[in-house]
Amino acid sequence: MLKLPTWILKQEIYFIGRKLVIDYTLDYVMETFTENFMDILLSRLSAQSLLIKELSTPVIPLSSEVGLLPLIGDIDTERAKFIMESTLQQSVKLGITHLIIDLSGVIMVDTMVAHQIFQVISSLKLIGVQSTLLGIRPEVAQTAIQLGIDFKDITTENSLEKVFRKLICNFSGTYDN
């Protein structure tokens, strides 16, 4: 068996020890960098998600008293809660007395979505805002009827033009068909 001098063994241990220290340092730096990067990335994603939610439920003022809420895409429970909060806040902020809720961009209405829309309309009524549903697609209407959803207390129209005519009639006292 070959016997190495002690000074070589000490140098090898020293070199290995320094390498281990460098490896641990690099591991720590990489782990810290990754954690910070992920924190920044997740906070940006959260901010962008909030911005998308805010932009997806705008109450657009059409006049000093009338606003339009165009709803587009799928409405899940989280988005429905956000629609409720956002719509009420924006309606009060804008001081509108009538809100047109356009559902032409909503592809599917299930009982949950219908319930949430009814809650929005009821809440708006409590703060003095009348509502009109607009743009219910034929397939959505069929699904709503099959699910037993009752729209009897909800004002509905099939075109924005008709809503404008009725609103003008209400404000001026005349109506031309």
Participant: Where the side chain of T87 meets the backbone of M84, is there a donor-acceptor pair that is under 3.5 Å apart?
Facilitator: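 It does not hold such a pair.
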Participant: After noting the C-alpha distance and the side-chain angles of V106 and D74, does the key distance pass the side chain to side chain contact (heavy atoms under 4.5 Å, CB included) rule?
Facilitator: CA-CA 6 Å; V106 177; D74 292 334; over 6 Å; no
Participant: Measure the CD1-OG distance between I96 and S131 for me, rounded to the nearest 0.5 Å.
Facilitator: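 Output value for this atom pair is 8.0 Å.
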Participant: At what distance, to the nearest 0.5 angstrom, does OG of S122 lie from CD1 of I154?
Facilitator: 6.5 Å
Participant: Provide the closest heavy-atom pair for P70 versus P58 in the form atom of the first, atom of the second, distance.
Facilitator: CD-O, 3.5 Å
Participant: Under the criterion side chain to side chain contact (heavy atoms under 4.5 Å, CB included), which of L134, T155, I60 is the partner of I100?
Facilitator: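 When L134, T155, I60 are each tested with I100, the side chain to side chain contact (heavy atoms under 4.5 Å, CB included) holds only for L134.
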Participant: Mind checking whether F118 and D153 have side chains closer than 4.5 Å, heavy atoms only?
Facilitator: no
Participant: Can you name the closest pair of heavy atoms from A80 and Q116 and give their distance?
Facilitator: CB-CG, 3.3 Å
Participant: Check for me, please, whether L45 and I40 land in the same ILVMFWY cluster - side-chain distances under 4.5 Å, paths through other members count.
Facilitator: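 Hydrophobic grouping puts L45 apart from I40.
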Participant: Under a single-linkage definition using a 4.5 Å side-chain heavy-atom cutoff for Ile, Leu, Val, Met, Phe, Trp and Tyr, are V92 and V59 assigned to the same hydrophobic cluster?
Facilitator: yes
Participant: Could you see if M30 belongs to whatever hydrophobic cluster contains L41? Use Ile, Leu, Val, Met, Phe, Trp, Tyr and a side-chain cutoff under 4.5 Å.
Facilitator: no
Participant: Answer yes if I127 and L94 sit in the same cluster of Ile, Leu, Val, Met, Phe, Trp and Tyr residues linked by side chain heavy atoms under 4.5 Å apart, and no otherwise.
Facilitator: yes
Participant: Between K81 and E85, does at least one N-O distance fall below 4.0 Å, as a salt bridge requires?
Facilitator: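 Salt bridge between K81 and E85, a charged N being under 4.0 Å from a carboxylate O: no.
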Participant: Once rounded to the nearest 0.5 Å, what's the spacing between atom CG of N158 and atom CD of E161?
Facilitator: 10.0 Å
Participant: Which heavy atom of S91 sits nearest a heavy atom of L124, and at what distance?
Facilitator: OG-CD2, 3.6 Å
Participant: Ignoring hydrogens and angles, tell me if any N or O in the side chain of S46 forms a donor-acceptor pair with the backbone of L42 under 3.5 Å.
Facilitator: no
Participant: Inspect the surroundings of CG in D39 and state if more than 12 heavy atoms from other residues, nucleotides or ligands are less than 6.0 Å away.
Facilitator: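 Correct, the count exceeds 12.
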Participant: Quick one, L133 with I121, criterion side chain to side chain contact (heavy atoms under 4.5 Å, CB included). Give me CA distance, side-chain angles, the key distance, then yes/no.
Facilitator: CA-CA 9 Å; L133 283 183; I121 291 170; 4.0 Å; yes
Participant: Counting only heavy atoms not in E157 (residues, nucleotides, ligands), do more than 12 fall under 6.0 Å from its CD?
Facilitator: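 Result for CD/E157: enclosed.
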Participant: Would you tell me whether H98 and T132 have side-chain atoms, one donor and one acceptor, within less than 3.5 Å of each other?
Facilitator: yes
Participant: Please find the pair of heavy atoms, one from L69 and one from L99, that lie closest to each other, and give the distance.
Facilitator: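 Of all heavy-atom pairs spanning L69 and L99, the closest is N-CD1, 3.9 Å.
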Participant: Against T32, only a single residue in T34, V29, N36 fulfils side chain to side chain contact (heavy atoms under 4.5 Å, CB included); can you say which?
Facilitator: N36
Participant: Tell me, do D102 and I72 make a side-chain contact under 4.5 Å, heavy atoms counted?
Facilitator: no
